[in-house]
Peer 1: 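Once you've had a glance at the structure underneath, I'll fire off some questions.
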Amino acid sequence: MDLFVVIALLVIISAFFSYLNARFIKLPGTIGTVLIATIVSIIILVVDKLDPSTAKYLTTLAKNIDFSKVVLNIMLGFLLFSSAFNLDGKKLKKEMRPVFMLSTLGVILSTAIFGFLLYYVAPLFHIHMPLIYCLLFGALVSPTDPVAVSAIVKNSKLPAHLETIISGESLFNDGVGLILFVIILEITDVGEKNIEASKVLVLILKEVLGGIITGAIFGYLAQRLMKSVKDFQTIVLISLALVMGLSVLATIFEFSIPLSVVTAGLFAGSHSINQDSKERSHEALEKFWQLVDEMLNTILFVMIGLQLINLPFVNNYWVTGSISIVMILIARWLSIMLPLTFLRQSLKVNYSNINVMTWAGLRGAISIALALTLPDTPYRHLILSGSYFIVIFSVIVQGLTLNAMINRSSRHIE
């Protein structure tokens, strides 16, 4: 299928699903889109078994989308930059301790807790997976997804400081999660005994420092260029060039795309490009990136729903998916509670916030995209189907009930 036809069909389907939700279902945009796309995909799977010719176009569309490459190499940069650019830098700086702790130690703890829980609990349901693959699964689903989080949290009733912590955490923990994923995947390939600590350290330094330094340098240069002109079209083009250029550079030099784009977005967003009181370029640029964010969000979550067409084995792995949902919620809760217990005074986050922060930790497209990059092993389908279950549950169930959770805990939230 031609690339333009694929893009056109995606936009048309996204517009149609978005209209159906806005006109009739009236759920929050992201949740409604995922729900409709998932239901349509299930219907297509049923129809495809009865009469393959009827659903061949949508089936062909879903199979022609390289979901991993589209998400990780194309859409991720734009979505992360938009979220970072529109995040309040002053609020983030104030909450930087809990954000840093959750996006680093929290992800590592969640990965380990999820992996060990799954390793010991899954055999009770006749599901057997080596510990290293359970940990690999944990690295996939432990980072909260900035796209899903920003789409749901902005329509929630979260207190401002918790919204900043959860949004900030989701922006930074992708880099940590991706590095963990790469390291554990490398161990599965070469074996635990053959992995070299020096190579792991170089990988971490290269991904993290390379991404942050590159993002800071080009974010600063782009901000200076945007500030030196008044033409809004040129300003928009510079911001687009910044995102695309960083994505290409990070891919070539193997830096972290999430960290480089987020760093650039935070830097550019926290320094105004307004020339004088008559100019409102910065505010207009914020609205432009909000529009880009909302449109790409809709298309992305339609793609998530349509991926079900490529996962006919999900029906056979619903037990794995159900166990995975319970395990990731436990791992998320413990990964917040443990740092809070030992570092309560310095983190300044109340125990009463743990349940809400657990429920607001949504997973999204990045988990599925990474799962699709796994090599063809006996455990690939288990991990992929489990990731899919977690993402759908996260976006639809957690997204729909987040405000109810906040209301129920409102007397205790600080």
Side-chain angles (χ1 to χ4, degrees), residues 6-48 50 54-55 57-59 61-62 65 67 70-71 75 79 82-83 144-158 163 166-167 170 290-311 314-315 318 321-322 325 329 356 359-368 387-408:
V6 171
I7 295 171
L9 284 174
L10 266 177
V11 173
I12 291 167
I13 293 168
S14 299
F16 179 61
F17 288 175
S18 187
Y19 174 80
L20 284 179
N21 181 57
R23 181 70 176 83
F24 301 107
I25 302 175
K26 297 180 179 178
L27 288 172
T30 301
I31 300 171
T33 302
V34 173
L35 182 62
I36 295 170
T38 303
I39 293 170
V40 168
S41 296
I42 292 170
I43 293 171
I44 290 170
L45 283 174
V46 174
V47 171
D48 191 48
L50 299 174
T54 305
Y57 290 109
L58 278 178
T59 303
L61 171 64
I65 300 171
F67 189 80
V70 170
V71 173
M75 298 182 80
L79 290 164
S82 174
S83 298
T144 55
D145 188 277
V147 182
V149 167
S150 65
I152 303 299
V153 165
K154 66 184 177 183
N155 295 315
S156 72
K157 299 175 183 176
L158 275 172
E163 183 177 340
I166 292 166
S167 298
S170 69
Q290 284 172 3
L291 179 62
V292 170
D293 182 58
E294 289 170 5
M295 289 193 300
L296 289 181
N297 260 324
T298 301
I299 295 171
L300 179 59
F301 284 104
V302 166
M303 288 168 61
I304 289 176
L306 290 177
Q307 282 304 299
L308 183 59
I309 296 171
N310 289 330
L311 308 175
V314 166
N315 293 328
W318 65 270
S322 302
I325 290 169
L329 288 173
V356 171
W359 207 246
L362 307 178
R363 274 74 189 176
I366 296 173
S367 295
I368 296 175
S387 300
Y388 193 88
F389 268 81
I390 287 172
V391 170
I392 294 299
F393 177 87
S394 176
V395 174
I396 296 177
V397 179
Q398 289 177 236
L400 279 176
T401 57
L402 178 58
N403 280 333
M405 169 73 77
I406 294 168
N407 289 336
R408 191 162 54 248

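In what follows, every heavy atom counts, from backbone to side chain, and hydrogens, waters and symmetry copies are set aside. Everything numeric here is computed off the predicted structure, so don't read it as measured data.
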Peer 1: Return the set of residues passing side chain to side chain donor-acceptor pair (under 3.5 Å) with Thr144 (not counting sequence neighbours), or none when no residue passes.
Peer 2: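 Testing Thr144 for side chain to side chain donor-acceptor pair (under 3.5 Å), a comparison that skips the adjacent residues, returns Asn173.
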Peer 1: Give the intermediate values and the outcome of side chain to side chain contact (heavy atoms under 4.5 Å, CB included) for residues Asp145 and Leu362.
Peer 2: CA-CA 6 Å; Asp145 188 277; Leu362 307 178; 5.8 Å; no
Peer 1: Would you compute the distance between atom OG1 of Thr30 and atom CD of Glu294 and round it to the nearest 0.5 angstrom?
Peer 2: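 The CD atom of Glu294 is 9.0 Å from OG1 of Thr30, to the nearest 0.5 Å.
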Peer 1: Roughly how far, to the nearest 0.5 Å, is the CG atom of Leu402 from the CD1 atom of Ile31?
Peer 2: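 Nearest 0.5 Å value for the CD1-CG distance: 8.5 Å.
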Peer 1: Can you check whether Ile304 reaches Val395 side chain to side chain, under 4.5 Å on heavy atoms?
Peer 2: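 The answer is no, as the side chains (C-beta and beyond) never meet within the 4.5 Å cut-off.
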Peer 1: Applying side-chain hydrogen bond (donor to acceptor under 3.5 Å, both in side chains), which residue pairs with at least one partner in residues 7-25 are found, sequence neighbours left out?
Peer 2: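 Residue pairs with at least one partner in residues 7-25: there are none.
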Peer 1: Quick one: are Ser167 and Val153 in side-chain contact, heavy atoms under 4.5 Å?
Peer 2: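 Side chain of Ser167 against side chain of Val153, heavy atoms only: contact under 4.5 Å found.
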Peer 1: Using side chain to side chain contact (heavy atoms under 4.5 Å, CB included), reason through Leu10 and Ile65 one step at a time and then give a plain yes or no.
Peer 2: CA-CA 10 Å; Leu10 266 177; Ile65 300 171; 4.0 Å; yes
Peer 1: In the structure I gave you, are the side-chain heavy atoms of Phe67 and Leu306 within less than 4.5 Å of one another anywhere?
Peer 2: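 Of all side-chain heavy-atom pairs linking Leu306 with Phe67, none is under 4.5 Å.
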Peer 1: Ser150 and Asp293: which non-hydrogen atoms are nearest, and at how many Å?
Peer 2: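 It is OG-OD2, 4.4 Å.
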Peer 1: Could you grab the distance from atom CD1 of Ile39 to atom CD1 of Ile44, nearest 0.5 Å is fine?
Peer 2: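 If I round to the nearest 0.5 Å, the distance is 12.0 Å.
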Peer 1: If you define the side chain from C-beta out and look only at heavy atoms, does anything of Phe16 sit under 4.5 Å from Ile12?
Peer 2: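 Phe16 vs Ile12: side chains apart.
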Peer 1: Measure across Pro146 and Ser83 and return the closest heavy-atom pair with its distance rounded to 0.1 Å.
Peer 2: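 Residues Pro146 and Ser83, closest heavy atoms: O-OG, 4.3 Å.
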Peer 1: List the steps and the verdict of side chain to side chain contact (heavy atoms under 4.5 Å, CB included) for Phe17 and Thr298.
Peer 2: CA-CA 9 Å; Phe17 288 175; Thr298 301; over 6 Å; no
Peer 1: Going from CG on Asn407 to OG1 on Thr401, what distance comes out if it is rounded to the nearest 0.5 angstrom?
Peer 2: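 Here the rounded value is 11.5 Å.
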Peer 1: Does Phe24 reach the side chain of Ile36, with side-chain heavy atoms less than 4.5 Å apart?
Peer 2: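 Result no, sub-4.5 Å side-chain heavy-atom pair not found.
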Peer 1: So, for Gln398 and Gly361, which heavy atoms are closest and what is the spacing to 0.1 Å?
Peer 2: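 Smallest interatomic distance, heavy atoms only, reads NE2-O, 3.9 Å.
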Peer 1: What are the two closest non-hydrogen atoms of Gly305 and Tyr388, and how far apart are they?
Peer 2: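 Shortest heavy-atom contact: O-OH, 3.4 Å.
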Peer 1: Mind checking the CZ-CD1 spacing from Arg363 to Ile325? Nearest 0.5 Å is all I need.
Peer 2: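 One finds 11.5 Å between CZ of Arg363 and CD1 of Ile325.
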Peer 1: So how far is it from Phe389 CZ to Ser394 OG, rounded to the nearest 0.5 Å?
Peer 2: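 Those atoms lie 14.5 Å apart.
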Peer 1: Specify the closest pair of heavy atoms between Asn403 and Ser156, including all atoms of both residues, with the distance to one decimal.
Peer 2: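 Here Asn403 and Ser156 meet closest at OD1-CA, 3.2 Å.
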Peer 1: For residues Met75 and Leu300, report the shortest heavy-atom separation together with the two atoms involved.
Peer 2: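 That would be CE-CB, 3.7 Å.
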